[in-house]
Amino acid sequence: MKPIQIANGIYDVGVNDWNIDDFHGYSTPMGSSYNAFLIVDEKVTLIDAVKREFADQLIAKIEQIVDPRKIDYVISNHTEMDHSGGLARVMHRIGEEKPVYCSKLGAKNLPLHFARKLNYQPVTDGQTLSLGARSLTFLETRMIHWPDSMFSYLNEDKILFSSDGFGQHYAGFEKFDDIIGDAIMPHAKKYFANILLLYAPLILKLIEKVTTMGLEIKMICPDHGVLWRSEPSKIINAYLEWSRQTAKRKAVLVYDTMWHSTEKMADAIAGGLSDEGIIVRPMYLRKWHRSDVMTEVLDAKAVIVGSPTLNNGLFPTVSDFLTYMKGLKPLGKIGAAFGSYGWSGEATKLITRELEGMKFEMLEQVRSQYVPNASSLEESYAFGRAIGQAINAQVPA
Ligand code: FEO
């Protein structure tokens, strides 16, 4: 695949990773891309590298435009190895004496990834680097997605190179938002819910800062997925909405089951919720990946978690999901627990404790011994209705 010229003298030299299906615990059925950009100006500049195993593909793409030794500057917006893993190999080809501009924390953390010493040049928030006819301004964006993260803004072309921000795990030949259309939005939402949700308050502050600066943005170029050239405000507005965690009248019903008892309860609870007009997403954990569940959690008001009691504890998939969700820190949710048991029945108490630890507003739990009979299914249905009423009381229609 030839490099795509995204603007006059600016190329996408990144690579597609068609086959990745798990990105540190997040399912990526459409693969991903590691975008990198080459700006041909008086000072030829490479923005970001790629994963280590794709370094040669990146170099081959650069070679179609310029001799890599003609690159003067390298910008490293983010230390994580999907963008820096190939850096040492790329620098070997470019020239190890060339400056690698990065944030202060990038300069501290990048050397902890590579044995070879590189010429790291830390930059400060708002610092500008002249490339000749163009200039880059660096914006510190700590924790979006790591402490070292920064964005680089190309002043004359009004292009924001946003590293992980506004990305999607999507490998494809449709490199621009106007080519793929709205089909990219679920991927952007999944990316936000699974990578950035815990930093939502920081994202709101960042968007406010960029707005205050009056930064005009014609194109947003993230390091994953498609580039936002036709309507960058669309993804910025989506980030505002997701960061505010505005909930719908929606409940995620996430559960596992041993002998279908917890499943029967889930079905009855879903009926109760639905009869209160709530959008219900029943998500059986051996069908749905934890990262797909989190995508649904993002705009749901309630998360209702069900588990049978197994050996005095939670079913392992439920523990896995609770651990994953806890790290992503969703805010403002209603929580509830349910599950079947044989004799000891600790699961619902354990779920309640975990959800309370996440500051969920907890409703009562419901349990059923062995196989739920008509009366316990009626109790589960009523439980669903009660949760639905609590949602309706808090979320405007
Ligand atoms: Fe795409 Fe935080 O790395």
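When a ligand or atom number is given, it counts from 1 through the structure's own listing order. No experiment lies behind these values; they were computed from the predicted model shown.
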>> Suppose you place the vertex at atom 1 (Fe) of ligand 1; what is the angle out to H224 NE2 and D164 OD1, to 10°?
In response: 90°

> How about S103 and D148: does a side-chain donor come under 3.5 Å of a side-chain acceptor?
Replying inline: no

>> Quick check: of its N, O or S atoms, which one does E80 have closest to atom 2 (Fe) of ligand 1?
In response: OE1

> Closer than 2.8 Å to atom 2 (Fe) of ligand 1, do we get an N, O or S atom from H83, backbone or side chain?
Replying inline: no

>> Let me check your reading of the structure: within less than 2.8 Å of atom 1 (Fe) of ligand 1, is there an N/O/S atom from D82?
In response: yes

> What residue among Y284, F315, F321 forms ring pair (Phe, Tyr, Trp, His ring centres under 6.0 Å) with Y255?
Replying inline: Y284

>> Strictly under 2.8 Å, is atom 1 (Fe) of ligand 1 approached by any N, O or S atom of H78?
In response: no

> Looking at P232, P222, S152, which hits side chain to side chain contact (heavy atoms under 4.5 Å, CB included) with S162?
Replying inline: P222

>> Looking only at N, O or S atoms in H145, which is nearest to atom 2 (Fe) of ligand 1?
In response: ND1

> Do D125 and Q127 get their side chains close enough for a donor-acceptor pair, meaning under 3.5 Å?
Replying inline: no

> Does the pair K51/D82 count as a salt bridge with the N-to-O cut at 4.0 Å?
Replying inline: no

